[in-house]
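The structure under discussion appears below in the form of structure tokens.
Since this is a predicted model, take the numbers as computed values, not measurements. The first residue of the sequence shown is numbered 1, and numbering continues consecutively from there.
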Amino acid sequence: MLTNELIRRRTARLAGVLAALALTAGLTAAPATAADPPPIYLGFGDSYAAGIGGGAYKAGPAWIQEPCIQTEEAYSTMLDGENLACSGATTTGVSAIVTAAAYNPGTARYLANASVITVTVGGNDIDAGAAAVQCAASIATAACKAALVNSLAVKLPQLPGKIKAMVAVIKKNAPRARIVLTGYPRLFTANALMTEQQKTTVRTLNSAADLLNGTIALSALANRVKYVSVTNQFTNHGIGSAEPWIVGPEPICKLSYTCAPAGRPEDVFHPTATGYAYGYVPALAGLVP
């Protein structure tokens, strides 16, 4: 039988053990740390990254030396990131903007601590826009054939080396960032009202987009960065579809009310605001902070 004295002794002993454990816990607990800094997402690239086609034009950051046109409908803006893309940018242009950001007092810290950087670029490097303009009506013209040869046979093979150089610049100046290269949408969707020649044109230009996207994807793999396709998101939403998410050329754009507004000729062959919101944003949503 436990006597009062034995109970008292055991209680005192237990209290001592608990006190020692509490002291040990206090001595070995991890020191309090400051809250982790908020994630930083930066978007670089060409007119597709800048949001052209989605809304009214505006000037980009003043510290970018070259003329820089953007819109508020860029996918980086929709994803609460910073839009540092410029219409007309090439891989070399993106490298120049990244370098300028690294030396600009207002952006250097953000670049160095960026969590995610997305880049949509490559189309201007291979003159994809010129090929689309020349071939939209028909691929049978001499001008179209010359544009396709220039784009796919001459300039596309040079793109992997240019992407490699650009990625190296980004990694150097943003060592903490996860780098994500994106693809481009197919611009056209065939429909039953098209002639066989028009359907052939659609297939040819969409295949050209696939070649560009494939080159970007392989370059991403070779340089150990992420590639994100938007092809599936834009499927059945190209020019010629019942619900296009691409600004079309006249007169076909009048059928879907997706013509470029007056004073915004650059919009043609670019996503609409809907295209950016329902095409690029869902594709990237799981990868950006």
Side-chain angles (χ1 to χ4, degrees), residues 42-61 64-79 81-98 100 117-134 136 147 151 155-156 159 162-163 166 180-188 205 208-209 212-213 215-216 228-231 233-234 237-239 244-249 253 258-281 283-284:
L42 306 176
F44 293 91
D46 58 20
S47 52
Y48 281 73
I52 301 302
Y57 298 167
K58 68 167 190 170
I64 297 178
Q65 298 296 320
E66 300 298 323
C68 184
I69 302 299
Q70 309 174 334
T71 78
E72 291 290 348
E73 281 66 39
Y75 64 75
S76 57
T77 303
M78 293 181 180
L79 289 165
E82 187 71 23
N83 181 8
L84 300 179
C86 296
S87 179
T90 62
T91 51
T92 302
V94 169
S95 295
I97 293 172
V98 170
I117 287 177
T118 59
V119 187
T120 304
V121 75
N124 292 323
D125 289 83
I126 69 165
D127 291 337
V133 170
Q134 293 294 339
S151 180
K155 294 193 172 182
L156 185 61
L159 186 58
K162 294 181 177 182
I163 290 176
M166 177 193 72
V180 181
L181 306 184
T182 82
Y184 293 86
R186 291 173 173 172
L187 296 179
F188 300 91
L205 292 178
L212 171 58
N213 288 332
T215 301
I216 296 171
V228 170
S229 170
V230 296
T231 299
Q233 284 77 9
F234 280 88
H237 292 293
I239 298 167
W245 293 351
I246 304 292
V247 180
C253 60
T258 55
C259 296
R264 284 164 43 186
E266 300 285 339
D267 284 14
V268 178
F269 299 131
H270 287 82
T272 61
T274 300
Y276 288 117
Y278 292 96
Y280 275 93
V281 169
L284 289 165

Would the distance check show the side chain of Thr71 and the main-chain N or O of Gly51 forming a donor-acceptor pair, the cut-off being under 3.5 Å? yes

Quick one: side chain to side chain donor-acceptor pair (under 3.5 Å) partners of Thr118, sequence neighbours excluded? Tyr41

Between Cys253 and Val247, is there a side-chain heavy-atom distance shorter than 4.5 Å? no

Is it the case that the side chain of Tyr184 and the backbone of Gly123 share a donor-acceptor pair, with hydrogens and angles ignored and the cut-off at 3.5 Å? yes

Do the side-chain N and O atoms of Tyr75 and Thr120 include a donor-acceptor pair separated by under 3.5 angstrom? yes

Polar contact flag, side-chain donor to acceptor under 3.5 angstrom, Asn124-Tyr48: no

Tell me whether Ser47 contacts the main-chain N or O of Ala50 through its side chain, where contact means a donor paired with an acceptor under 3.5 Å. no

Could you grab the distance from atom CD of Glu66 to atom CD1 of Ile97, nearest 0.5 Å is fine? 8.5 Å

Asp125 side-chain N/O to Thr91 backbone N/O, donor-acceptor pair under 3.5 Å: yes

Please confirm whether the backbone N or O of Ile126 pairs with a side-chain atom of Ser151, one donor and one acceptor, at under 3.5 Å? yes

Which value, rounded to the nearest 0.5 Å, describes the distance between Asn83 atom CG and Glu73 atom CD? 10.5 Å

Anything under 3.5 Å between a donor and an acceptor, one on a side chain of residues 273-280, the other on a protein residue two or more places apart or in another chain? List them.
from, atom 1, to, atom 2, distance (Å)
Tyr276, OH, Ile52, N, 3.4
Tyr276, OH, Ile52, O, 2.6
Tyr280, OH, Gly183, O, 2.9

dist His270:NE2 -> Leu187:CG (nearest 0.5 Å) comes out at 9.0 Å

Taking atom CD of Glu266 as the centre, report whether more than 12 heavy atoms of other residues, nucleotides or ligands fall under 6.0 Å from it. no

